[in-house]
Amino acid sequence: MDIYAIRLANLRLLAQEVGGRPQLAKLMNISYALLSNYIGKTPVKNIGDKIARDAETAAQKPHGWMDARHDGLNAADGALSTLQNKQAQTLRLPGISEDLWVQVPPKALLLMEKIAVASASGALSDQSLSLLVSTADHLANEK
């Protein structure tokens, strides 16, 4: 899935979250017709960086939210318990119980989601993986 397909899915998700396409257009301060060019049944425009960032701002999502797959996870939209439960069910990391997921801060959950997406898409290089492993080791040994 390329960045434009991810952004299309996410912008459609945002439209649902805010109460529909007319409401999203209003929040983004663009016309409904222009929004339809991006997320209509047959989109004619790709969602570039500016529209992606405008959508994040309008929907109060963190920077970069539009660029990561959410696959039905309601990340950073106020439904934190839903996100934690979904991730606890799908990630199933050894040594991490579902009770522990409830204690994980939202920013850490978003970070883990981004790492998982990068890994699943093959975008995680050996150098990046080594850096993540050394960072995790450092954090595990911190007191």
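Nothing here was measured: the structure is a model prediction, and the numbers come from that model.
Between Asp2 and Arg7 there is no salt bridge, since no side-chain N of the basic residue sits under 4.0 Å from a carboxylate O of the acidic one.
A single hydrophobic cluster is not seen to contain both Tyr38 and Tyr32; linkage of ILVMFWY side chains at heavy-atom distances under 4.5 Å, directly or through other members, places them apart.
Heavy atoms of other residues, nucleotides or ligands lying less than 6.0 angstrom from CG of Asp137 number more than 12.
Between the side chain of Asp67 and the backbone N or O of Ile3 there is no donor-acceptor pair closer than 3.5 Å. In this structure, Arg12 contributes its side chain and Ile39 its backbone to a donor-acceptor pair below 3.5 Å. Side-chain atoms of Gln23 never come within 3.5 Å of backbone atoms of Val18 as a donor-acceptor pair (strictly under, hydrogens ignored).
How far CG of Asp49 is from CG of Asp54: 10.5 Å, rounded to the nearest 0.5 Å. Taken from CG in Asn37 to CD1 in Ile30, the straight-line distance is 9.0 Å, to the nearest 0.5 Å.
A pairwise comparison of heavy atoms in Arg21 and Lys41 identifies NH1-N, 4.5 Å as the closest pair. When all heavy atoms of Ala58 and Met28 are compared, the pair lying nearest together is CB-CG, 3.8 Å. Nearest heavy-atom pair across Asn10 and His70 is OD1-CD2, 3.2 Å. Contact record, Ile47 with Leu11: CD1-CD2, 3.6 Å, taken as the closest heavy-atom pair. Contact between Leu14 and Ala59 at its shortest, heavy atoms only, is CD2-CB, 3.7 Å. Met66 approaches Ala55 most closely through the heavy-atom pair SD-CB, 4.3 Å.
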